[in-house]
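The block underneath contains the structure these notes are about, expressed in structure tokens.
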2 protein chains.
Amino acid sequence: MAHVPLDSILKGDCIEQMRALPDASVDMIFADPPYNLQLKDNLQRPDQSLVAGVDDQWDKFDNFAAYDSFTRAWLFEAQRLLKETGTIWVIGTYHNIFRVGTAMQDRGFWLLNDIIWRKTNPMPNFRGTRFTNAHETLIWAAKTADQRKYTFNYNALKAMNDDLQMRSDWLIPICTGKERLKKNGKKAHATQKPEALLYRILMAASRPGDVILDPFFGSGTTGAMAKKLGRHFIGIERDDGYIAIARERIATTQKLDEEALGYSISKRQAPRVPFGQLVEAGLIQTGTTLYDSRRRHTARVRADGTLVCRDMTGSIHQIGAHVQGAPACNGWTFWHIDKRGDLVPLDRLREEMRAASHA
Amino acid sequence: MAHVPLDSILKGDCIEQMRALPDASVDMIFADPPYNLQLKDNLQRPDQSLVAGVDDQWDKFDNFAAYDSFTRAWLFEAQRLLKETGTIWVIGTYHNIFRVGTAMQDRGFWLLNDIIWRKTNPMPNFRGTRFTNAHETLIWAAKTADQRKYTFNYNALKAMNDDLQMRSDWLIPICTGKERLKKNGKKAHATQKPEALLYRILMAASRPGDVILDPFFGSGTTGAMAKKLGRHFIGIERDDGYIAIARERIATTQKLDEEALGYSISKRQAPRVPFGQLVEAGLIQTGTTLYDSRRRHTARVRADGTLVCRDMTGSIHQIGAHVQGAPACNGWTFWHIDKRGDLVPLDRLREEMRAASHA
DNA sequence: TAGGACTCTGAATCGGGGC
DNA sequence: CGCCCCGATTCAGAGTCCT
């Protein structure tokens, strides 16, 4: 059967290129297909400047039927290429994601989750006519309904999330700053995805050495993160310009060392809530005594959010580590308050705080 | 034509009951259709206790085709019942929402947003096999693609959100505690929606006095919130038990008083006041010099309400655009008068004029 | 150099009424 | 239906320049 070209970008139409690859040859697929935006006119900001919207040819379809037919064709090949334990991720917005999801179910993929990428910094709705479009949706699915042995690194993701089960809503900034690839001072690709998003996806649903296919490779975020995390990639892209920037980008990306690959922690988490903020808000009184889960250690809270324990003062993490004689400690889960005899972890109070500040 | 039965619950099949209602008779629809959950077996918690899932007969469909056909049928009636300015909300999870969204687009509804209801307290994934399913998805749509005059209280929602545009991700707790209706100590309805969710939806997309239809009425959250917010409701439900619960619930719900029901309206809805009227009324003298906010540009007022700037004359908007070299300009906020050294925008004078004409 | 003022930008189905 | 004009409308983050 056909050769599987690892760590390279195949130039051409994604369906044709996928057809040339052998059955059951990839461990994970990440697909960022055209969203089929139907933009009628130019959009101006309140200051009269023009929004640089997506006007690329690759996002033009005549109608829903044409888009559906395209979607079914590439999904058919994607399913054929997946190994039995493989999973697929597809990203989109309300313009296309319902059609993609329907096509996936019809094709026999088994949906595992829909994941919401919440943007910290979305583009506002300039006209005040709708809600700020502040998220995109990912669908995560196994090859078939009876396939239960898909790759999912449950514990790694729990560790990335302060020892809480990772939820289906992920807060990640859009791709800006140094990470955003530029060409002649302008954005090189209209829809470059943030590396943190691919980082989390690859950590969740693949293992080092796995083969990752991205049939809509674009600026190559999937390839760069695959290399960084010690996975192999196959990219498919038909635009020479995009291929060139992706090649250069991946060439300058470093693979993490073996040790880091075992313990990688996400840099970007849910909005940070300092412990002092709980004190400031009155959720925790100064002078309150904190306990570990078995009441073997105690410490008291000061007004600035530090703890005192015997003659030591420091953060909830530092004091937690100190009393255990451990090199490090997650103070949020280590320390508890006594609520009518029950021990409640600080982490629960933080959750309440986050909820209150958003509601 | 048929009678529209306000503030009542129609017993029977939702499609048959909708058929009996006249065209263009409701202002907003909220629909919480069966989710078509595909639970194979009973789910047990780690402590071996059984999760009380949805196993009602109303959630049983033989396959996707049967579910799609049901979905298309009720959406057809829903679209017929909507007034031209009306919008529809449909809630679901990944089991059904993609099929619903596709059917809505195929039917000609125009999607305005998808909204993510983020749960503060979702049920964990007990087996550690997937991400915590921590959200549900709502689709908000106008009746047709060319319909731009749908009801959306942009300013009211902005006010509810600390003066920031409301985003597409809403953090709301699931329905628990006193709010959760009980029957013989057990939850009375498997999928009772939180009142906060309906509150926000009704505040966003309806006005006092509007008619709200809920074709899957269940425990009546829509009816209760409609009554509380001074809207009318029509509920459709086929289960006598649910109807009884909902009736009692709504009977004990109080309408907010008129003052509380007031909400911030937008400038678009305010009566139009031409600039010339301010001159005519003497709020601005002819010959007055106008300044932009940084005093970089000036213009003088003429008797007919036009401005002069160098050799140009025109409306406050035209001259504002001209001096900036911009394609357009809002003269009301661009131009100011000098009141004892302070710059006051024309917009403020206009507000005074409107206030005076009301008194 | 630290901080403030100003500018720029991001997958966006983004207006209404009179003539 | 088309044209023209009125006039309503933005948040977070990064980058630049000046004090």
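Within every chain, numbering begins at 1; the chains are lettered A, B, ... in the order of the sequence lines, protein sequences first and strands thereafter.
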Sugar-phosphate or base contact per nucleotide [nucleotides 14-19 of chain C; S, B, -; heavy atom under 4.0 Å]: BSSS--

Could you state the interatomic distance from CH2 (W170(A)) to CG (L138(A)), rounded to the nearest 0.5 Å?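 So the CH2 of W170(A) and the CG of L138(A) are separated by 6.5 Å.
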
Flag the pair [X] and [Y] as a salt bridge only when some basic side-chain nitrogen lies within less than 4.0 angstrom of an acidic carboxylate oxygen.
X       : Y       : answer
D347(B) : K267(B) : yes
K158(B) : D163(B) : no
E84(B)  : K149(B) : no
D214(A) : K193(A) : no

Give one of base, sugar-phosphate or nothing for [X], where a contact means two heavy atoms less than 4.0 Å apart.
X       : result
C329(B) : base
W58(A)  : base
D32(A)  : base
R350(B) : sugar-phosphate

For the side chain of A52(A), starting at C-beta, report the closest nucleotide among dA8(D), dG10(C), dA12(C).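 Side chain of A52(A) sits closest to dG10(C).
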
What N/O pairs connect the protein and nucleotides 13-19 of chain D at under 3.5 Å? Give each pair on its own line.
none

Would you mind telling me which residue lines up with the more 5' stretch of DNA chain D, A328(B) or L164(B), judged by nearest nucleotide?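 This one resolves to A328(B).
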
For the C1' atoms, the ones on dA11(C) and on dA8(D), what distance do you get once it is rounded to whole angstrom?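 Straight-line distance between the two C1' atoms is 25 Å.
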
Rounded C1' spacing from dG10(C) to dC14(C) in Å: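 Between the two C1' atoms, the distance is 15 Å.
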
Starting from Watson-Crick (N1-N3 plus N6-O4 or O6-N4) and G-U wobble pairs under 3.5 Å, report the runs of at least three that DNA chain D belongs to.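 So the stems come out as C:2-10 with D:11-19, C:15-19 with D:2-6.
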
Tell me whether K119(A) forms a cation-pi arrangement with W117(A), defined as NZ or CZ under 6.0 Å from the six-membered ring centre and within 45 degrees of its axis.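 K119(A) over W117(A) ring: yes.
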
Please determine if R167(B) forms a cation-pi arrangement with F131(A), meaning its NZ or CZ atom is less than 6.0 Å from the six-membered ring centre and no more than 45° off the ring axis.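 No, R167(B) does not sit over the ring of F131(A).
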
For the pair I236(A) and L213(A), evaluate side-chain contact (heavy atoms from CB on, under 4.5 Å) and give the outcome as yes or no after the intermediate values. CA-CA 8 Å; I236(A) 303 176; L213(A) 170 69; 4.1 Å; yes

Output yes when a side-chain donor or acceptor of S206(B) lies under 3.5 Å from a complementary backbone atom of L202(B), and no otherwise.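 Confirmed, S206(B) side chain pairs with L202(B) backbone.
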
What about the rings of W140(B) and F152(B), do their centers lie closer together than 6.0 Å?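 Between F152(B) and W140(B), which both carry aromatic rings, the centre distance is below 6.0 Å.
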
